[in-house]
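Remarks on the structure that follows.
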2 protein chains.
Amino acid sequence: MAEAILRPQRDAARTRAAILAAAQDAFSVRGYSDTGVRDITAAAGVNPALVSRYFGSKEKLFEAALSALLDAALITNLPRETFGEDVVAILTATQRGQRNPLPMMMLAGADSTARAITDRLLKGIFLEPMTRWYGPDRGAEKAACFTLLASGLTLYRELYPLDALNAGLSEETRRWLVAAFQSLVD
Amino acid sequence: MAEAILRPQRDAARTRAAILAAAQDAFSVRGYSDTGVRDITAAAGVNPALVSRYFGSKEKLFEAALSALLDAALITNLPRETFGEDVVAILTATQRGQRNPLPMMMLAGADSTARAITDRLLKGIFLEPMTRWYGPDRGAEKAACFTLLASGLTLYRELYPLDALNAGLSEETRRWLVAAFQSLVD
DNA sequence: AGTCCATGTAAACCATCGTTTACTTACTCG
DNA sequence: CGAGTAAGTAAACGATGGTTTACATGGACT
């Protein structure tokens with residue numbers, strides 16, 4: 001059958017990756033507590049029990065899915081002169097529901113266990129690198145403001161989509177965003 | 001007993017109000033899907049079945065709790081000259097976990113039904129008044145940017161508390177926030 | 001070829017949660 | 001005082017969901 005060709009016989013690594021990818025998709029769109037293990041495994045075409053086998057639990061799967069995405073989302077070494085432009089370009093380039101770690105973190109806000117995981121990763125990714133840039137005090141402030149802006153923007157692009165921040169993003173609004181980000185590093 | 005004095009015998013209105021208040025507290029702190037009906041009614045000191053009786057369902061209770069808080073949170077008629085200062089003062093004055101509608105909306109993001117309710121209320125409260133101020137096009141943009149900022153700030157004061165936005169809010173950071181808000185209405 | 005372990009599956013388990021039902025209790029009004 | 005109704009309660013129902021258990025199967029190595 002075609003299925004046997006698509007996912008050849010038995011391959012633990014491939015199966016694990018399929019579950020992880022399906023989890024990233026689902027968590028990014030529907031959130032942590034709104035997606036069941038059965039949803040993920042159905043999308044991956046595998047058995048629900050394999051989540052326990054390969055990741056231990058749904059929590060651990062979430063942590064693995066989120067941290068894998070965050071590793072590819074670092075933006076701390078952009079040039080200062082065009083920081084605002086670059087960040088806005090990156091954040092407005094992402095399409096809805098495409099394995100985006102930011103909405104994934106926000107969609108996890110309602111579940112206390114997922115929130116704890118997100119909390120830890122958030123501080124490790126955003127806070128720590130910016131602290132290295134600006135020193136402990138001002139770095140924490142810069143990181144907080146940056147995270148505030150980026151999260152807010154993503155929130156209303158992905159979660160409660162406002163047209164004014166998606167298809168209807170005007171040049172005036174875009175410049176306001178750029179200026180807000182740029183004023184952080186000036 | 002003292003209990004009988006605190007909540008005298010049988011009073012439908014008082015019981016309903018106690019449930020609503022407990023729901024606002026719980027939803028603001030732990031989110032929609034993470035707080036059970038039994039949690040709310042236990043905090044209110046009543047029977048879980050009364051949620052169905054007085055509000056119909058958990059969803060309806062959430063909607064009632066959220067809209068009651070939003071009614072008291074309108075900030076659309078602040079003077080333009082001090083808009084930034086006023087908004088920042090309001091947003092940084094709220095204490096954590098004190099029946100704040102903004103974190104309540106964000107914590108509802110993970111649940112699809114609560115998100116639908118929040119989505120509707122959000123657009124009614126923020127979008128519609130700002131549209132009246134600035135006209136349909138620029139009003140939508142202003143509202144989106146305002147909501148983005150306010151939500152982001154609240155997010156990292158309430159949900160993933162960053163010290164730099166709470167106790168450690170420096171004058172420099174505060175001025176950055178004021179400028180960001182003020183530049184919206186200039 | 002035959003054995004053995006990793007891989008995958010089916011089904012049940014168990015806890016949680018929103019909600020409903022049947023029942024009890026207190027207050028009110030005639 | 002006594003019936004009737006509103007208020008409140010206890011317990012169970014039905015569904016969902018994460019996880020576990022027992023079992024089947026494919027592939028590698030001797």
Side-chain angles (χ1 to χ4, degrees), chain A residues 1 3-23 26-27 30-65 107-108 110-117, chain B residues 1 3-23 26-27 30-65 107-108 110-117:
Chain A
M1 329 166 183
E3 182 187 321
I5 298 172
L6 289 176
R7 193 159 54 81
Q9 290 93 353
R10 294 182 164 201
D11 188 333
R14 196 174 297 232
T15 303
R16 207 193 113 102
I19 294 173
L20 195 69
F27 286 145
R30 291 195 300 281
Y32 179 78
S33 55
D34 219 32
T35 55
V37 169
R38 288 170 176 83
D39 297 331
I40 295 169
T41 53
V46 300
N47 192 279
L50 296 185
V51 165
S52 285
R53 179 191 295 282
Y54 287 118
F55 296 93
S57 66
K58 186 192 175 189
E59 276 186 39
K60 302 260 189 65
L61 172 58
F62 177 81
E63 184 168 13
L107 282 166
D111 188 279
S112 56
T113 63
R115 190 156 71 228
I117 295 169
Chain B
M1 327 169 187
E3 185 187 322
I5 298 172
L6 290 175
R7 193 160 54 82
Q9 289 94 353
R10 293 182 166 200
D11 188 332
R14 194 174 298 232
T15 302
R16 206 192 113 104
I19 294 173
L20 194 70
F27 287 146
R30 290 195 301 282
Y32 178 78
S33 55
D34 216 33
T35 55
V37 169
R38 288 171 176 82
D39 297 330
I40 296 169
T41 53
V46 300
N47 192 278
L50 295 185
V51 165
S52 286
R53 181 193 296 278
Y54 287 119
F55 296 93
S57 66
K58 187 192 174 187
E59 277 186 40
K60 302 261 189 65
L61 172 58
F62 177 80
E63 185 167 13
L107 283 166
D111 188 279
S112 55
T113 61
R115 191 156 71 229
I117 295 170

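Quick note: numbers below take in every heavy atom, side chains included, and nothing from hydrogens, waters or symmetry partners. Sequence lines set the chain letters: A, B, ... in the order given, protein chains first and strands last, and positions in each chain run from 1.
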Exercise. Would you call Leu61(B) and Ile40(B) a side-chain contact if the rule is heavy atoms closer than 4.5 Å?
Worked result: yes
Problem set entry | side chain to side chain donor-acceptor pair (under 3.5 Å) pairs, two or more places apart, involving residues 34-44 of chain A | Asp34(A)-Ser112(B)
Seminar exercise, completed: Residues in residues 35-42 of chain A with a heavy atom under 4.0 Å of DNA chain C, by number, are Arg38(A)
Exercise. Restricting to pairs with a member in residues 41-63 of chain B, which pass salt bridge (charged side-chain N to carboxylate O under 4.0 Å, His left out), not counting sequence neighbours?
Worked result: Glu63(B)-Arg120(B)
Exercise. Whole Å only: how far is the CZ atom of Arg14(A) from the P atom of dG27(D)?
Worked result: 14 Å
Polar atom pairs between nucleotides 25-28 of chain C and protein, under 3.5 Å, N or O only, would you list them?
unit_1  : atom_1 : unit_2   : atom_2 : d
dT25(C) : O2     : Arg10(B) : NH1    : 2.7
dT25(C) : O2     : Arg10(B) : NH2    : 2.9

Exercise. How is Ala12(B) classified with respect to the nucleic acid when contacts are heavy atoms under 4.0 Å: base, sugar-phosphate, or nothing?
Worked result: sugar-phosphate
Exercise. Counting distance only, does the side-chain N/O of Asn47(A) pair as donor-acceptor with the main-chain N or O of Leu50(A) below 3.5 Å?
Worked result: no
Exercise. Between dT20(D) atom C1' and Asn47(A) atom CG, what is the distance in whole Å?
Worked result: 12 Å
Side chains of residues 16-23 of chain A: which donor-acceptor pairs under 3.5 Å do they make with residues two or more places apart or in other chains?
unit_1   : atom_1 : unit_2   : atom_2 : d
Arg16(A) : NH1    : Tyr54(A) : O      : 3.2

Problem set entry | Distance in angstrom units between Asp11(A) CG and dA28(D) P, rounded | 11 Å
Problem set entry | Nucleic acid contacts of residues 51-64 of chain A, taken as heavy-atom distances under 4.0 Å to DNA chain C | Arg53(A), Tyr54(A)
Problem set entry | Between OH on residue Tyr32(B) and CD1 on residue Ile117(B), distance to nearest 0.5 Å | 6.0 Å
Problem set entry | Atom pair distance, as rounded to whole Å: CG in Leu50(B) and P in dT9(D) | 6 Å
